[in-house]
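Fair warning: this is a prediction, and the values are worked out from it, not measured in the lab. Here is the naming used below: chain letters follow the sequence lines, and residue numbers restart at 1 for every chain.
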Amino acid sequence: MPELPEVETVRRGLQPFMEGATIARVEQRRPDLRFPFPENFAQRLTGRRIDSLERRAKYLIVHLDDGLGLISHLGMSGSYRIEQDEEETAPGVFHHERSRNTTHDHVVIHVESKERVKSRIIYNDPRRFGFMLFAEPGALNTHKFIQDLGIEPTGNRLDGALLAKLFENKNAPLKAALLDQTLIAGLGNIYVCEALWRAELSPLRVAGSIAGENSEPTPMAERLATSIRSVISDAIAAGGSSLKDYRQTDGELGYFQHSFSVYDREGEPCPRPACDGTVTRIVQSGRSTFFCPICQH
DNA sequence: CGATCCACCTGTCGGC
DNA sequence: TGCCGACAGGTGGATC
């Protein structure tokens, strides 16, 4: 599930428990996720204080007090949750906590805050497409998975002119160009579909066609840049999207899935006022694309 | 170099 | 019920 807004939601959920806290113990319950864990994974984390928690594209980066960076990617099905020891429950009072599936809890990080509050930060990932790696001190920006990432679609740096420049001479369809993490970093299948719908642009259109003749941004490039920024910002504000049983770190569901205009809405009427199109599903480079063939050109 | 495809996993859902 | 195939939020790495 996790695209940029979901990873940002996870970062915000973990931050109060991690920043300034000390790692007391790490349980690594299997040798690998998508990749093997680094040598001495648990040992190198144990005893460290956590300086800060950063997000870059869909990566979470935990900055430790010795300069080490823990790079965490959630893949398709990774999630974090927080657990704390419950208050003493009165005898005979049945505790109605939702039973949790702990089958795929692969890493448990035991932390203690400055106020001596103890928490467990648990990484769960059924499909194990996620991974955890180290960036050695000072080497984060030259890490092979980080160094080629493109511009963040948050803030206001991504405008029509920059987008036109990025897509200039690209023959790939817009859908593929928007998913290319070396151009724009953090968009995934859902938010690409949603941004293209907002911009009234077809996912099949050649990416280079939105760049102007002499690098002048076209109205299409301006619309797409605005749409990308708005859909990402709206999704972050809603706490991301919950698909399947994905939840935020506090167990709350994100709400943005209720705001999808086209994603996973095959056969429904196009929600654009005065458009009588039907949301259609096609497959592009092996993945579903949802769009309205009437209003998206 | 850039552009395309596949592999990596488990779980769920719909159809028969 | 049960079985089987299709599909799911991503992307590194192989291959052309």
Side-chain angles (χ1 to χ4, degrees), chain A residues 1-11 29-38 55-60 71-80 100-106 123-133 135 143-150 153 166-196 204 206-208 231-232 235-236 238-249 253-260 262-267 281-290:
Chain A
M1 117 7 248
E3 302 182 29
L4 188 157
E6 291 73 35
V7 178
E8 178 60 23
T9 300
V10 168
R11 190 193 69 79
R29 296 182 172 172
R30 51 174 299 126
D32 54 36
L33 294 171
R34 178 170 178 187
F35 305 116
F37 282 92
R55 180 195 56 74
R56 175 78 172 97
K58 301 171 196 172
Y59 291 89
L60 278 174
I71 299 174
S72 165
H73 195 290
L74 302 174
M76 292 276 263
S77 59
S79 64
Y80 282 95
R100 290 205 154 88
N101 183 3
T102 60
T103 309
H104 301 292
D105 289 351
H106 303 309
Y123 180 69
N124 181 286
D125 189 354
R127 294 177 75 178
R128 304 201 301 277
F129 288 171
F131 51 88
M132 292 188 193
L133 298 171
H143 190 280
K144 62 177 176 175
F145 294 169
I146 302 292
Q147 66 178 351
D148 294 326
L149 291 171
L166 287 173
F167 284 6
E168 206 170 23
N169 302 323
K170 295 261 178 244
N171 284 313
L174 276 176
K175 172 78 186 296
L178 289 167
L179 284 172
D180 184 342
Q181 303 295 301
T182 70
L183 300 175
I184 303 167
L187 301 182
N189 208 33
I190 293 173
Y191 296 109
V192 165
C193 293
E194 294 298 310
L196 286 167
L204 298 161
V206 169
V231 77
I232 291 298
I236 291 173
S241 305
S242 309
L243 278 85
K244 307 295 176 194
D245 66 349
Y246 175 74
R247 280 159 188 266
Q248 300 181 26
T249 52
L253 294 166
Y255 286 98
F256 194 76
Q257 70 278 11
H258 303 299
S259 305
F260 290 165
V262 287
Y263 184 82
D264 207 19
R265 294 191 180 279
E266 183 182 18
R281 174 183 175 273
I282 59 173
V283 174
Q284 289 180 287
S285 43
R287 311 188 67 192
S288 290
T289 298
F290 299 89

- Query: Taking the side chain of R128(A) as heavy atoms from C-beta outward, which of dC9(B), dT11(C), dG10(C) is closest to it?
  - Reply: dC9(B)
- Identify whether any heavy atom of S288(A) sits under 4.0 Å from a base atom; if not, whether one sits that close to sugar-phosphate; answer base, sugar-phosphate or nothing. sugar-phosphate
- To the nearest Å, give me how far apart CG (D148(A)) and P (dG12(C)) are. 9 Å
- note: I184(A), atom CD1; dT11(C), atom P; distance rounded to Å ~ 14 Å
- Query: For the rings on F131(A) and F37(A), is their centre-to-centre separation under 6.0 Å?
  - Reply: no
- Message: Nearest whole Å is fine: how far is dC5(B) P from R287(A) CZ?
- Response: 14 Å
- Message: Nearest heavy atom decides the nucleotide; on that basis, is R34(A) or T103(A) closer to the 5' end of DNA chain B?
- Response: R34(A)
- Let me know the distance between NE2 of H104(A) and P of dT10(B), rounded to the nearest Å. 7 Å
- Task: Please lay out, stage by stage, how R55(A) and V10(A) fare under the test side chain to side chain contact (heavy atoms under 4.5 Å, CB included).
- Result: CA-CA 9 Å; R55(A) 180 195 56 74; V10(A) 168; over 6 Å; no
- Does dG12(C) have OP1 or OP2 sitting under 4.0 Å from an N or O in the side chain of K144(A)? no
- Would you call the rings of Y59(A) and H73(A) parallel, tilted or perpendicular, where under 30° means parallel and over 60° means perpendicular? perpendicular
- Decide yes or no, distance alone: a donor-acceptor N/O pair under 3.5 angstrom between the base of dC9(B) and the side-chain of R127(A). yes
- Message: Of the options dG10(C), dG13(C), dA3(B), whose atoms approach the side-chain atoms of K170(A) most closely?
- Response: dA3(B)
- Counting side-chain heavy atoms from C-beta on, which of dA3(B), dG10(C), dT10(B) comes nearest to E3(A)? dG10(C)
- Hey, does the side chain of Q181(A) come within less than 4.0 Å of dT11(C)'s phosphate (OP1/OP2), counting only N and O? yes
- May I have the distance from D264(A) (atom CG) to dT12(B) (atom P), rounded to whole angstrom? 16 Å
- Message: Expressed as a whole number of angstroms, how long is the span from F131(A):CZ to dA7(B):C1'?
- Response: 15 Å
- Task: For dC1(B) and dT11(C), measure between their P atoms and round to the nearest Å.
- Result: 22 Å
- Query: Can you find a side-chain donor-acceptor pair between Y191(A) and S241(A) that sits under 3.5 Å?
  - Reply: yes
- Query: Can you check the R55(A) CZ to dG10(C) P distance for me, whole Å?
  - Reply: 14 Å
- Of the listed dG10(C), dC7(C), dG11(B), the closest approach to the H73(A) side chain comes from dG10(C)
- Could you check which of dG11(B), dC9(B), dG13(C) has an atom nearest any side-chain atom of P126(A)? dG11(B)
- Atom-to-atom span, CG of L149(A) to P of dG12(C) - whole angstrom: 8 Å
- Distance, P atom - from dA14(C) to dC9(B), rounded to whole angstrom: 15 Å
- Query: At under 4.0 Å between heavy atoms, what does Y59(A) touch on the DNA or RNA strands: base, sugar-phosphate, or nothing?
  - Reply: sugar-phosphate
- Message: Please pick, from dG13(C), dC7(C), dC8(B), the nucleotide with the shortest atom-to-atom distance to any side-chain atom of F145(A).
- Response: dG13(C)
- Query: Under the criteria of a ring-centre distance below 5.5 Å and an interplanar angle below 30°, is F129(A) stacked with the base of dC8(B)?
  - Reply: yes
- Do N124(A) and S79(A) meet the criterion of a side-chain donor-acceptor pair at a distance under 3.5 Å? no
- Message: Can you tell me the base-pairing partner of dC9(B)? Count Watson-Crick or G-U wobble geometry only, both distances below 3.5 Å, and say none if there is no partner.
- Response: none
- Task: If the plane angle is over 60° it's perpendicular, under 30° parallel, otherwise tilted; pick one for F290(A) and Y263(A).
- Result: perpendicular
